[in-house]
Amino acid sequence: VDSVSFARRAASLASALPSSPPDGTIAFDSGHAFPGVLPDLSAEADRALGRYRAETLQYGPRPGLPGLRQWIAEYLVADGATVTADEILAVNGAKHGLELVCRMLLDEGDSVVVTAPTYFSAIPIIRSFGASFVEIPQDRWGLEVGQLAEVLEQSKRDGRPLPKFIYDVPDFHNPTGVTMSSDRRIALVELAARHRIPLVEDSPYRKVRFEGSSMPTLKALGGAGVIQLGSFAKLMAPGLRVGWVAAATPLIARMAMLKTDAGSSPLNQRIVLEFCAGGKLPAHTERVQTTYRTNRDRMLAALRRDLPEATTRVPQGGYYFWLALPDGVDGKAVTREAAANGVTIIAGNRFYGNPNAGHPRNRVRLAYSHATGEEIDEGVRRVARALRTVSEARSVAAGSAEPA
Ligand SMILES: Cc1ncc(COP(=O)(O)O)c(C=O)c1O
């Protein structure tokens, strides 16, 4: 292995596989589904493997099963967008959709606009194409469009190339939980259209809403200027790896050709289609919303009771709390100490495209999606203990540094 000359995109990656955490570890790190809310798909799988086996056990059409593409298009139309089945590509989850967008749009040396912070799995995907990040801050209404406008104007004045696309998670943003306001959405779509930069809307949590009303999607507002990534992962089952890209047909055609899997699994697509076309999705969506609302409320109560030093926004949907720990506390140290205490969380530095750009270091993300109520209570107590251990070590170090 020492003699292998790795490509740039692989050279800096970890050379060991991650080890599984010890038994009894509580997982607040990954956005896994709550096991109790995964749907029973046995009837759908039975039909998919029996009645539909000539379709499902065969290579499938590259763009996806026509019936599923049609169903997704109607689902998006019901959500306010103007989309036809020709504008849908079935993919192996939203992350796969993002990879195809990058393959289609990015050359080495290009740049991409992301929020600071942004979805951490998007970062290595974009980076692996040799692109750099233009980070734009967020406030409680979402991406600060005024700042992006200034950055784009400045690039134009300097004669520098504009970013190749703008990536954002407008609904229940990962990790911050922020939902972009309607005004901001309109402003963002207008700005992107004015500069002719595609907007990539990644919205897997859109239907995981606990309260309040939905804002229009960027796709509904921006039409062909927007590439939307969607997924059945958060709505149904992440293990199926079924998602979609909604975009203008010439883009869908190119991404279909850039797919190296000869088309996503027809078996999994058929299972999803049988479930959705069978009318089961609305009741299931309600179960999903109730489950994660209960988990959010349980974690919020635990945070207020046992971790009052941390401040956070209360997300109206999605899977995550983004905590600001007291000033000067290092999120990475708390994450390490929490793992030693038997709870996994994610340090905030992982969510920045340019991690050395002076971002706050005291942030951590906690997922409430996967744990049971008891685990949420116990896990927050363990995070609180980890914070106290790290804070005490800090004050001892600061004390010993003081002049005698
Ligand atoms: C913003 C965002 N996009 C995409 C995904 C992944 O979606 P999929 O499992 O469909 O690839 C996630 C999952 O955590 C996410 O938070």
Side-chain angles (χ1 to χ4, degrees), residues 27-34 37-39 64 68 72 75-76 88-103 112-126 128 133 138 142-143 165-180 199-209 217-219 226-246 255 259 261 264-265 268-269 271-272 276 288 292 295-296 315-322 344-346 348 350-353 365-371:
F28 288 167
D29 55 341
S30 56
H32 284 191
F34 188 70
V37 82
L38 294 172
L68 183 65
I72 292 169
Y75 188 65
L76 300 187
I88 301 292
L89 176 68
V91 292
N92 312 326
K95 278 194 282 279
H96 183 214
L98 178 60
E99 199 225 334
L100 289 169
V101 170
C102 291
R103 267 172 187 263
V112 173
V113 173
V114 293
T115 51
T118 188
Y119 171 43
F120 70 92
S121 293
I123 295 170
I125 296 174
I126 294 169
S128 74
F133 296 97
Q138 263 186 316
L143 185 146
F165 65 88
I166 299 166
Y167 169 81
D168 197 9
V169 182
D171 296 304
F172 319 119
H173 182 275
N174 182 356
T176 62
V178 167
T179 292
M180 193 185 248
L199 254 178
V200 177
E201 170 180 46
D202 183 7
S203 193
Y205 305 98
R206 178 156 177 87
K207 302 287 173 172
V208 191
R209 174 175 276 284
T217 60
L218 299 179
K219 184 75 187 151
V226 177
I227 302 172
Q228 188 195 56
L229 309 176
S231 182
F232 291 95
K234 310 295 173 183
L235 203 52
M236 272 180 73
L240 290 171
R241 310 309 302 133
V242 181
W244 69 83
V245 182
M255 283 185 275
K259 257 172 147 274
D261 58 0
S264 297
S265 161
N268 294 4
Q269 291 179 62
I271 292 173
V272 170
C276 294
V288 165
Y292 295 117
N295 283 16
R296 182 217 44 192
Q316 290 195 316
Y319 279 18
Y320 312 105
F321 278 107
W322 177 242
T344 51
I345 61 175
I346 305 191
R350 299 253 321 262
F351 295 86
Y352 294 100
R365 190 195 77 175
L366 273 59
Y368 48 79
S369 55
H370 180 252

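Heavy-atom basis, side chains included; hydrogens, waters and symmetry copies ignored. Remember, it's 1-based here, ligands and their atoms both numbered in the order they're listed.
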Checklist line | Distance filter under 4.0 Å to Lys234 heavy atoms, resulting ligand 1 atoms | finding: 12 (C), 13 (C), 14 (O)
Next item on the list: Using atom types as modelled and distance alone, determine if a side-chain donor or acceptor of Glu201 lies under 3.5 Å from a backbone N or O of Leu218.
Entry: yes
Margin query: If we ignore hydrogens and angles and just use 3.5 Å, is the side chain of Tyr368 paired with the main-chain N or O of Gly318 as donor and acceptor?
Written below: yes
Note to self: Using a 6.0 Å distance limit plus a 45 degree cone around the ring axis, check whether Arg365 lies over the aromatic ring of Tyr320.
What the structure shows: yes
Next item on the list: Could you tell me which atoms of ligand 1, counted from 1 in the order shown, lie closer than 4.0 angstrom to a heavy atom of Ala94?
Entry: 4 (C), 7 (O), 8 (P), 10 (O), 11 (O)
Item checked: Numbering as shown, the atoms of ligand 1 that approach Ser231 to under 4.0 Å (heavy-atom distance) -> 8 (P), 10 (O)
Item checked: His173 touching ligand 1 at heavy-atom level, < 4.0 angstrom -> no
Notebook entry, point to check: Going by the order shown, which atoms of ligand 1 are within less than 4.0 Å of some heavy atom of Val169?
Noted result: 1 (C)
Checklist line | ligand 1 versus Pro204: contacting region, heavy-atom distance under 4.0 Å | finding: side chain
Note to self: Would Pro238 count as a contact residue for ligand 1, given that I'm defining contact as a non-hydrogen atom of the residue lying under 4.0 Å from a ligand atom?
What the structure shows: no
Check: Near Ala233, which atoms of ligand 1 are under 4.0 Å from a heavy atom of that residue?
Finding: 9 (O), 10 (O)
Margin query: Quick test: of every protein heavy atom, which one is nearest to atom 9 (O) of ligand 1, and how far off is it to 0.1 Å?
Written below: Arg241 NH1, 3.0 Å
Check: Can you tell me if Tyr320 has a non-hydrogen atom under 4.0 Å from ligand 1?
Finding: yes
Next item on the list: Find out whether Phe232 and Pro204 are in side-chain contact, i.e. whether some heavy atom of one side chain is under 4.5 Å from a heavy atom of the other.
Entry: no
Note to self: Among all the protein's non-hydrogen atoms, which is closest to atom 16 (O) of ligand 1, and how far away is it?
What the structure shows: Tyr205 OH, 2.5 Å
Item checked: Contact check: His96 vs ligand 1, nitrogen or oxygen atoms, below 3.5 angstrom -> no
Notebook entry, point to check: For the side chain of Arg296 and the backbone of Gly317, is there at least one donor-acceptor N/O pair under 3.5 Å apart?
Noted result: no
Notebook entry, point to check: Can you tell me if Tyr292 uses its side chain to pair, donor with acceptor, with the backbone of Phe34 under 3.5 Å?
Noted result: yes
Next item on the list: Could you tell me whether a side-chain N or O of Gln138 sits under 3.5 Å from a main-chain N or O of Thr115, the two making a donor and an acceptor?
Entry: no
Notebook entry, point to check: Is the backbone of Val242 close enough, under 3.5 Å, to the side chain of Asn268 for a donor and an acceptor to pair up by distance?
Noted result: no
Next item on the list: Would you check if the side chain of Lys234 reaches a backbone N or O of Tyr205 as a donor-acceptor pair within less than 3.5 Å?
Entry: no
Notebook entry, point to check: Is it true that Gly31 lies under 4.0 Å from ligand 1, counting heavy atoms only?
Noted result: no
Margin query: For atom 12 (C) of ligand 1, which of the options Phe120, Tyr119, Tyr319 provides the nearest non-hydrogen atom?
Written below: Tyr119
Checklist line | Protein contact to atom 3 (N) of ligand 1 [nearest heavy atom, distance to 0.1 Å] | finding: Asp202 OD2, 2.6 Å
Checklist line | Under 3.5 Å: donor-acceptor pair, side chain of Gln269, backbone of Ser264 | finding: yes
Note to self: Taking 4.0 Å as the limit for heavy-atom contacts, which would you say applies to Phe232 with ligand 1: side chain only, backbone only, both, or neither?
What the structure shows: neither
